[in-house]
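All heavy atoms count here, side chains included; hydrogens, waters and symmetry mates do not.
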Amino acid sequence: MPARSRARKRALDILYESELRGLTLGATLAHRMATAEQPLNEYTVQLVEGVIAHRDRIDELISTYSEGWTLQRMPAVDRNVLRIGVYEVLYRDDVPDPVALDEAVSLARDLSTDQSPTFVNGLLGRLVAIKPSLSA
């Protein structure tokens, strides 16, 4: 598995853990950084910090463009995969949109429901299509 793919998976683990345990993302990240046997990949930290910094806007976009699903109704894995994907699409110029989309769909395929890859692909694809009209 490529390093950035592993970093995305690790970022998802941190986001998911934080949500399940009811902790702030910053606290979960700090705890993971302090207790990890090996240092966290720099890209993992950048992803989590990016989601933290832009979470309100990211969640607003997910809520606005998901059809038939509220943010709270989505499976926690899907919600956090989408947060990472939206962050990469809107805020990471070094990640091509197709790569961000493919990586998010791959995480959903590996870790969530059978319907999740299609849902993640559709929502992120919609955001990629209207990206020029979105103000980050």
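With sequence neighbours excluded, the residues satisfying side chain to side chain donor-acceptor pair (under 3.5 Å) with Tyr43 are Glu88. Gln38 is linked by a side chain to side chain donor-acceptor pair (under 3.5 Å) to nothing, counting only residues two or more places apart in sequence or in another chain. In terms of the side chain to side chain donor-acceptor pair (under 3.5 Å) criterion, residue partners of Glu19 (sequence neighbours excluded) are, by chain and number, Arg79, Asn80, Arg83. By the side-chain contact (heavy atoms from CB on, under 4.5 Å) test, Ser116 is found to be paired with Asp78, Ala108, Ser112, Thr113, residues two or more places apart in sequence or in another chain being considered. Residues meeting the salt bridge (charged side-chain N to carboxylate O under 4.0 Å, His left out) test with Asp94, sequence neighbours left out: Arg4, Arg92. Remark: Leu111 engages Lys9, Leu12, Val77, Leu107 in a side-chain contact (heavy atoms from CB on, under 4.5 Å) (not counting sequence neighbours). Looking at residues two or more places apart in sequence or on another chain, you find no side chain to side chain donor-acceptor pair (under 3.5 Å) involving Asn121. With sequence neighbours left out, the side-chain contact (heavy atoms from CB on, under 4.5 Å) criterion links Ala104 to Val81, Val120, Leu124. Remark: Arg109 pairs with no residue by the salt bridge (charged side-chain N to carboxylate O under 4.0 Å, His left out) rule, at least two apart or across chains.
Here Asp97 contributes atom CG and Lys131 contributes atom NZ; the two are 3.5 Å apart, rounded to the nearest 0.5 Å. Distance check, rounded to the nearest 0.5 Å: CD1 of Ile62 to CG of Leu71 gives 6.0 Å. Atoms CG and CG, on Leu15 and Leu29 in that order, are 9.0 Å from each other to the nearest 0.5 Å. Between the CG atom of Asp13 and the CZ atom of Arg8 there is a distance of 14.0 Å, given to the nearest 0.5 Å. Rounding to the nearest 0.5 Å gives a distance of 10.5 Å between CG of Leu82 and CD1 of Ile58.
Identified under the side-chain hydrogen bond (donor to acceptor under 3.5 Å, both in side chains) test for residues 63-75, with sequence neighbours left out: none. Annotation: salt bridge (Lys or Arg N to Asp or Glu O under 4.0 Å) contacts involving residues 31-53, sequence neighbours excluded, comprise Glu17-Arg32.
At distances below 3.5 Å, at least one donor-acceptor pair connects side-chain atoms of Thr35 with backbone N or O atoms of His31. Here the side chain of Ser18 pairs a donor or acceptor atom with the backbone of Leu23 at under 3.5 angstrom.
Side chains of Leu134 and Leu90 form a contact here, defined as non-hydrogen atoms less than 4.5 Å apart.
Between Tyr87 and Gln46, the closest heavy-atom pair is OH-O, 3.8 Å. The two atoms that bring Gly26 and Ile52 nearest to each other are N-CD1, 3.7 Å, heavy atoms only. Shortest non-hydrogen contact noted between Asn41 and Ala3 is ND2-O, 4.1 Å. Nearest heavy atom pair, residue Tyr16 against residue Ala76, reads CE1-CB, 3.6 Å.
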Would Leu40 and Arg10 count as a side chain to side chain contact (heavy atoms under 4.5 Å, CB included) here? Give the steps.
CA-CA 8 Å; Leu40 289 179; Arg10 194 80 187 266; 3.3 Å; yes
